[in-house]
Structure formats: structure tokens, C-alpha cells
Amino acid sequence: MERWHVVTGIVMLYLAITLAIGLAASRRATKGVTGFVAADRQFGILPMYFIVGGTVFSAFAFLGGPGWAYSQGVAVLYILAYGVLGIAPWYFIGPKSARLGRRFGIVTQAQLVTTRFPSRSLSAIMAVVAVVAFVPYIMLQMTGAGIVFNAVTQGHVPFWLGAAVAYGVVVTYVLVGGVSAVGWTNVFEGMIMMVVAWGLGLYLPYALYGGIGPMFEQIEAARPELLVLPGLRGDGTPWTWGGYTTAVLSSAIGLAMWPHLFMKAFTARSDAVLRRTVVLFPTFQIFLIPLILVGFAGVMFASAPPSADFILPHMILETGLPAVVIGFFCAGALAASMSTGDALLHGAASIAIEDGIHPFVRLGDRQRRLLMQALVLAVGGAAYFFAIVQQKSLVWLLLSAYGLIDQLAPPVYAALYWRRATTAGVLSGLIAGSVVAVFFFMNPGLRPWEMHEGILGLLVNVPVLIGVSLLTAPQPREHSGAFIDDRSGAA
Amino acid sequence: MSSMSSRVLVMRRMVFAYFAVYAVAVTYPGVVLFRGPRPFVLGLPLPLVWVTFWVVGGCAVLWLIDRVYRAAAADGSSASRGE
């Protein structure tokens, strides 16, 4: 039996277990919209921990992360830096949003914002921003799955087939089980990711260099520029402080604002579960360190991969590891891709219906759920179509999506904490910020100090929100008070 | 306001302060002094250790506030709720 047979066998076993878990979990939730979108608000700490970790850490963590360390050196630290910084606000806004969700029957981020700022346009714009940001992100996950499958089977499983098989499984369990399937498959996928990342991250530096210290000493002697912040750009020229700093800040502000992650606040059983999820999140996040070490291990590696994103699969194949280990690596990378892709697919479908269609056309519970399921198929199919022709490096796609997602932060914080904010203010800030972010994404040469377009958008979004709010009539105190004055029993 | 809810408020401010300092410490200009690569700590270059230090600190701060919140919640359920 050839090596790729064993690898494919292990991956198929992983996919079969994932599918079985997804289908079994689908029996847990009721068949209505709240069951499909928010798991009847019944998730405990186990699915919450893995759903947040699995959703945040994607194919990018497995491929792009080591790829950055390998080709751009310590520039990769921006990913390590922003995670905890980005999730910390959720400790406060997560439980508060969840309480408002229970009180007003809210299941998405846009519903939270438009319950405070009633506007169908606002709801539609937030839905469009979310879906526009999701599609490249889903494509990225599919591309990652295809790349890995293709690489570890040495080309025997073509890129299009690997992506199709992995995402066939994802679409099936999301379609049948909604967020319950997403949550419980993420528990399994998250465990596989962590075991594989830590195993390889500690093994490869020792196998190739005799230890982590000797590895960095050799890198320092040969390529010192890789170990000095802010590191390098993709083309190998030095990165700027403006670029590095705003990459950290933009990602930190955007992290908890990703609509598919934010709406998981409405799935938690209690405030305590949500808080515990945030407290435990860094234990998941630390798994980026072994992945960064793997990337550095590639710097002095004898041969170079076809592109930086291939460094991890390339080293694994070239170091003559047993086929079983390669199979587990592939399962880990697929798990990283699928545990993000499933939440995105589910989020895109739920948000498009709940926030994009439902405010305009009143639909029954059953019709909405059916439409969501149809959209899971449609979005999955469209993303697959585009992913096959997609060629860009993984990280830049992700960074570009953050530019738009950052613009959702002012509306969310204003809804929860600023009494004087008005619908006109939030709406005009969001539009202005999004236009600026898209403009600078299209014209990167015009960005001052190479600042991230998300931050540039916020520099317009926030003043417009404040200015227009102050110029328009305040909301009735009892309306805004329901949001601002909400406090938990503890604080 | 009970002493418990004032502890929650103090803790909350500490968390905000910690993460504000964290944001400056891992970006420009805070990180410039730690841009590396030397000294190595446990074989790791300085910037990697510096960023990891703030991440682990963030973990500890979140764990601390959660303890205070839980104590306050237990306290609040036996007495009156809210601030």
C-alpha cells in the first residue's frame, strides 16, 4: 500500500467521524429558527470553548501562520498579539448581548443593533457587509482544505476534489443540524487541531535543529532580519511600524465583531458560560506558538516549498514522517478549515435571511429555516466556484475582510453603551466607514503610513457617528435605557 | 453599593487598564525596545517572548476578574441583585 493510500484513509476516517457527530448533534435542537441559529440558547462550556476557538483559528492558522513565520519572520507575531486583546471585550459585551437576546428574542448581531436603532436599511447594510466579508473567508477555508489534501496525497487527490469532499461534509451537517452540528463537530475538530499543532510544533524544531534555541541561533546567523520586529512584507522588504501596528489593532477590534462569532453569544446557556469561554480562550490561542515555531523551522530547511503557505505540508512530506502522522496532520489542517468554514456558512445563511430578507418580507419560522438551508447550499456552491479560480495568498484575503468587519464595532458599542447615539448617526457612520475602508483597500498606495484600511475607516466612522447623533433628536430614554442600563446580577 | 460590587468595578477598571497597556506594549511605540532579536529567553527571541508575556498576562487578568465576578454573583443571589 502506498503512503497516500494510508493518508487518504485516515482523512476519510476523520471526515466520517465529523459527519457522524454533526448528524447526531442535529437531533439536539428544535426545528425552528432559534434551534437552527442559536441552538435554543442551550450551549454549555464545552461546545462554547471549541466553537469560539475553532471559529477564530482557521486554515490560516495552520497554513498562513507558519507561512508568515517562514517568509516574513516575526511579522507573524501580530496574530499572536491580537487574539486575547480582541476577545477580552467579549467578556463584557457577550453576556450583555446575550441577556438582551433573551429579552428581545434576538439571534444575530444586526438584530441586536437594529433593536436599539430601528432601521431596515441598517439591517440590510449589516447583512451585506457580513456576507461580503464572509465569502472570501469561506473561499479561503475551501482553498486551504484543497491545498492540504492535494499536497499530502502528492497530487493524487486534485485540489478541486479535496475541497469538494471536505466541504461536502460541512454543507451536509450544517444543512441538517444548524448551529448544534457546528458546535459539536467543532469540539472534535478543535481537539484534533490542538493535538496536531502541539505535536508538530514541538517535534519539528527538535528533529531538524536539535532544539528551539539552536534553531533560532542558526536563523539569527543566517537571516537576522527575520527576528527583528516589525519583520518583513510578503515580498521580502521590511514591513513598516504603521502596517504592523494597525494590523494588530484592526484585527483586535474586528475579532469579536465577526458576525458569525458574535452571534454565538446567543447560543450560550448562561452569562457564566460565556464569561468562562472568554477566560479559557487564551489556552486555545497559545497553540499558535507551536505553529509559529514550525514556520521558523522551515527557514533553514534544505528545500523550499512552491509558496510560503505550503511550508508546513512541505516539511512534513520531506522529513520522511510516517504516513499515519501525515494523515493526522491533514486531518488537523482540515479540522482548522472546517471548524471556521462551517460557522461562516451557517452565519452567512442565517444572517442573509434574518437580517437581509426577514425585515422586508414577513416569513414564518418554518419558511425562514428552509430558506436558510437553501442558502447554506447556495453560498457553499458559490464560494466553491470562486475558490477554484482563487490564487491570492491566504493571509491578505483575511486582512482585507477585517477592514469591513471593523466598521461593525461602532454600531455595536454605541447600541450597548452610548445613550445619545441615534439611528441616523449609526447608519451614516457605518456607511462612511465602509466606503473609506473599501476605497483604501482598492487603493493601497494612498494609505498614510501604510495604515490598515479598517483603522482608516474607523477614523471616519466614529466621528461621523458621534457628530450626526448629536445633531439628531435623542432616542426616548426608556428605549435606550433598556440597553444602556442592563446590568447582570454581578455588575 | 455593596463592597462586593465596588470590588467588581475596581477589577473592571484594572482589566481595562491592563489591556490598554497591552495594546501599546505589543505595537508601536511600546514594542520598539523589545524588537529583538537578543536577548534570547529560553532559546526564544525577545519579541516572541515579549508578546507571549502579554498574552499570558491577559489570561491571568481575565481569570482574576472572573473569580471576582463569580464571587459577586454568588453574593448577589443571596442579597439584592444589581448595582
Side-chain angles (χ1 to χ4, degrees), chain A residues 69 73-74 76-78 80-85 87-89 91-92 95 205 211-217 219-220 224-231 240-242 244-249 252 271-272 275-276 278-283 285-286 288-289 292-293 296 449 485 487-491, chain B residues 4-5 7-9 11-12 15-16 18-20 22-32 34-38 40-52 54-77 79-83:
Chain A
V74 287
V76 72
L77 289 179
Y78 101 82
L80 184 63
Y82 83 73
V84 176
L85 203 54
I87 204 77
Y91 189 90
F92 305 102
I212 291 165
M215 174 176 88
F216 281 113
E217 275 162 20
I219 294 172
E220 191 196 14
E225 71 279 9
L226 287 176
L227 299 185
V228 180
L229 275 173
T240 58
W241 282 120
Y244 168 82
T245 298
T246 51
V248 173
L249 295 180
D271 291 4
R275 292 204 179 100
R276 199 78 43 81
V278 176
V279 172
L280 289 174
F281 175 77
T283 61
Q285 206 223 351
I286 289 290
L288 283 174
I289 291 177
I292 290 171
L293 295 178
F296 278 115
W449 301 291
D485 301 328
R487 294 276 195 277
S488 73
Chain B
M4 191 47 97
S5 54
R7 269 185 72 189
V8 166
L9 275 183
M11 202 52 222
R12 221 188 236 216
V15 171
F16 281 124
Y18 176 83
F19 282 102
Y22 172 167
V24 177
V26 299
T27 58
Y28 185 83
V31 81
V32 172
F34 306 90
R35 62 187 302 191
R38 291 277 171 175
F40 282 9
V41 183
L42 301 170
L44 298 166
L46 186 61
L48 180 56
V49 177
W50 179 245
V51 173
T52 307
W54 285 95
V55 170
V56 173
C59 192
V61 166
L62 287 171
W63 179 77
L64 262 178
I65 193 176
D66 198 52
R67 278 194 56 146
V68 173
Y69 259 75
R70 271 193 281 167
D75 192 49
S77 58
S80 65
R81 288 176 67 84
E83 285 181 325

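Lettering follows sequence order; numbering is per chain, from 1.
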Looking at Pro47(B), Pro29(B), Gly58(B), which has the largest count of heavy-atom pairs under 4.5 Å with chain A? Pro47(B)
Looking at side-chain heavy atoms only, is the closest gap between Leu48(B) and Val74(A) below 4.5 Å? no
Euclidean distance, Asp271(A) CG relative to Tyr69(B) OH, rounded to 0.5 Å: 10.0 Å
Checking heavy atoms, do the side chain of Val278(A), its backbone, both or neither come under 4.5 Å from chain B? both
Which atoms of Leu293(A) approach chain B - backbone, side chain, both or neither, heavy atom under 4.5 Å: side chain
Below 6.0 angstrom between ring centroids: does that apply to Phe92(A) and Phe16(B)? yes
Toward chain B, the part of Ala81(A) with a non-hydrogen atom under 4.5 Å: both
Atom CZ of Arg67(B): over 12 foreign heavy atoms under 6.0 Å: no
Taking ring pair (Phe, Tyr, Trp, His ring centres under 6.0 Å) as the definition, give me every residue that meets it alongside Tyr28(B), ordered by chain and number, with sequence neighbours left out. Trp241(A)
Compare every heavy atom of Phe216(A) with every heavy atom of Gly43(B), then report the nearest pair and how far apart it is. O-CD1, 3.3 Å
Which bit of Val61(B) is near chain A, if near means a heavy-atom gap under 4.5 Å: side chain, backbone, both or neither? neither
With sequence neighbours excluded, what pairs up with Glu225(A) under the side-chain hydrogen bond (donor to acceptor under 3.5 Å, both in side chains) test? Arg223(A)
Do Tyr78(A) side-chain atoms and Thr27(B) backbone N/O form a donor-acceptor pair below 3.5 Å? no
Quick one: are Cys59(B) and Gln285(A) in side-chain contact, heavy atoms under 4.5 Å? no
Which answer fits Leu46(B), side chain, backbone, both or neither, if we ask what part of it has an atom under 4.5 Å from a heavy atom of chain A? neither
Would you say that Leu227(A) contacts Phe40(B) through its side chain, given a criterion of any heavy-atom pair below 4.5 Å between the two side chains? yes
Can you say whether Trp54(B) sits under 4.5 Å from chain A via the side chain, the backbone, both, or neither, judging by heavy atoms? neither
Look at Leu249(A), Ile87(A), Val76(A), Leu80(A) and state which one has the largest set of heavy-atom pairs under 4.5 Å with chain B. Leu80(A)
Under 3.5 Å, is there a donor-acceptor pair linking the side chains of Asp66(B) and Tyr91(A)? yes
Side chain to side chain contact (heavy atoms under 4.5 Å, CB included) assessment of Val84(A) paired with Phe19(B): CA-CA 9 Å; Val84(A) 176; Phe19(B) 282 102; 3.7 Å; yes
I want to check something: taking the side chain as every heavy atom from C-beta on, are Arg275(A) and Arg70(B) in contact at a cut-off of under 4.5 Å? no
Please state whether the side chain, the backbone, both or neither of Leu280(A) comes within less than 4.5 Å of a heavy atom of chain B. neither
Could you tell me which portion of Ile289(A) (side chain, backbone, both or neither) has an atom closer than 4.5 angstrom to a non-hydrogen atom of chain B? side chain
